[in-house]
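Single-structure report; data block below.
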Amino acid sequence: MDKIITTSELESRSTGELAALFCRAAHEAAQHAPGTRERRNAVVSLDNICRALAAQKPRGF
């Protein structure tokens, strides 16, 4: 990935959009060797997307 997907970019996304971004970032991470800038950006983006998805889960489940 050329850039990190930030939490502020993810705030207004639907669950479906977040899922699609997750797939894209996971694919990007798999395409690049460990230690490369592209892989680091994809992994950080994946972490941000996971947090955004977790924030959308209803509490109590």
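We're numbering straight along the sequence, starting at 1. Below, each value reflects all heavy atoms present in this structure, side chains not excepted, and no hydrogens, waters or symmetry copies.
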Under 4.5 Å side-chain linkage, directly or through intermediates, the cluster mates of I4: V44
For the student: nearest non-hydrogen atoms of A25 and S45, plus distance: CB-CB, 4.4 Å
Qualifying residues under salt bridge (charged side-chain N to carboxylate O under 4.0 Å, His left out), relative to R24, sequence neighbours excluded: none
Co-membership, hydrophobic cluster, residues M1 and L53, 4.5 Å side-chain: yes
Nearest non-hydrogen partners of I5 and I49, listed with the distance: CD1-CD1, 4.3 Å
Backbone of H32 reached by a side-chain donor or acceptor of R39 within 3.5 Å: yes
Point-to-point distance, once rounded to the nearest 0.5 Å, from CD of Q56 to CG of L18: 5.0 Å
Stepwise side chain to side chain contact (heavy atoms under 4.5 Å, CB included) check, N41 with D2: CA-CA 7 Å; N41 288 352; D2 291 331; 5.9 Å; no
Whether R40 side chain and G35 backbone form a donor-acceptor pair below 3.5 Å: yes
Donor-acceptor under 3.5 Å (Q31 side chain, E28 main chain): no
Sidechain N-carboxylate O distance under 4.0 Å for E9, K3: yes
